[in-house]
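What follows is one structure encoded as structure tokens, with my remarks underneath.
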Amino acid sequence: MERQLERQEVQGVLLKMLDAFAAYCKKHDLRFYLVGGTLLGAVRHAGFIPWDDDIDVGMPRPDYERLLVLVKKEPIAPEYRIISAGDGTLSLPFAEMIHLDTRLERPTSKYIDGDYRQLYLFLDIFPQDGWPENEHAAKRLVRRTNFLRKLSTESRATLGAGTSILKTIAKTPAILLGRVIGTDRINRHLDAIAKKYDYDSSKYVGAITYGIYGVGERCRRDEMFPMKTVTFENRKFPAPGCTDSYLTGIFGDYMTPPPKEKQVSHGLTVWMKEHISEEKE
């Protein structure tokens, strides 16, 4: 049996996932820190953004690669699994920790080819890489990776499905091109681009494979460390030392909440399996 979860329940499950992930990283001396909306929630709300329904963490590339090897030998917990583009179990250019006792649907599910629909509640794990120092080179990198991510998205789209007839027709060539190249091949190319810049020796660091915020997302590595701690739902988690400049680069005036009409979640609908224990006669 399963039942649909309310948003607060979803956040509760995600928090337990983050606790388990943090404990595993501490045990194996893996660096990670809160990023994106999760870091914003910690700084502005001391927890989840009230309307949010996911968790984002970043991991320096060396630690990210170690994690993917470690969990194959020592899983985090029976109910959790790490999937990633690197081992072909995720069609997105990063990794996710999924909860095997859940099922979810997205508002965009009907536009995504069936083989690529996300089926489980997830915690996003974004590899963090070095960035080029030169501003023009950084902007070229953003344009290149944005194109590849767009192509990767279209490679997973359903032919003939769209919000309008014109959009359906317009994206058909991109879907066909993406399918010819292949989602896995596109993601491997994104990974190869990101790995060109070593995290521990670059002047700037940040997400590249899924750096959707562009140049504003990167930080100086000498400001990233030492990391700081932030409060998230009455717990302490690591955060970038450059938290202020990072959040400003992404959100601008990040301490001012958006207007009511923009306070929207990712629209995930989540169901949780209910395990019924059988009493012995």
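Count residues from 1 along the sequence.
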Taking the ring centre of each residue, are Tyr80 and His99 less than 6.0 Å apart?
yes
Residues Asn146 and Arg149: side-chain donor-acceptor under 3.5 angstrom
yes
Per side-chain contact (heavy atoms from CB on, under 4.5 Å), Leu121 is matched among Ile98, Val270, Asp53 by Val270
With sequence neighbours left out, what residues match Asp87 under salt bridge (Lys or Arg N to Asp or Glu O under 4.0 Å)?
none
Regarding Asp244 and Tyr254, is there a side-chain donor-to-acceptor distance under 3.5 Å anywhere?
yes
Contacts of Arg44 meeting salt bridge (Lys or Arg N to Asp or Glu O under 4.0 Å) (sequence neighbours excluded), chain-then-number -> none
In Å and rounded to the nearest 0.5 Å, what is the CZ to CE distance from Phe21 to Met97?
8.0 Å
Under 3.5 Å, is there a donor on one side chain and an acceptor on the other for Thr102 and Lys273?
no
May I ask you to say whether Lys195 pairs ionically with Asp129, meaning some side-chain N is under 4.0 Å from a carboxylate O?
no
According to ring-ring contact (aromatic ring centres under 6.0 Å, His included), does anything in residues 215-246 pair up with another residue at least two apart or in another chain? List the pairs.
Phe48-Phe232
For Arg31, enumerate each residue passing the salt bridge (Lys or Arg N to Asp or Glu O under 4.0 Å) test, keeping only those at least two apart in sequence or located in another chain.
Asp63, Asp200
Indicate yes or no: does Arg140 engage Glu135 in a salt bridge with an N to O separation below 4.0 Å.
no
Check this for me, if you would: do Arg218 and Glu133 make a salt bridge, where the nitrogen-to-carboxylate-oxygen distance has to be below 4.0 angstrom?
no
Quick check with a 6.0 Å cut-off and a 45 degree axis cone: is Arg61 positioned over the face of Tyr199's six-membered ring?
no
Would you please name every residue forming a ring-ring contact (aromatic ring centres under 6.0 Å, His included) with Phe126, sequence neighbours left out?
Phe94, Tyr210
Atom CG of Leu30 and atom CZ of Arg66: how far apart are they, to the nearest 0.5 Å?
4.5 Å
Suppose we call two aromatic rings close when their centres sit under 6.0 Å apart. Are Tyr197 and Tyr204 close by that rule?
no
Would Val13 end up clustered with Trp271 when hydrophobic side chains under 4.5 Å apart are linked, directly or stepwise?
no
So, taking the atom named SG in Cys219 and the one named CD in Gln128, what distance separates them when rounded to the nearest 0.5 Å?
9.0 Å
Going by the rule salt bridge (Lys or Arg N to Asp or Glu O under 4.0 Å), which residues pair with Asp222 if we only count those two or more places apart in sequence or in a different chain?
Arg220
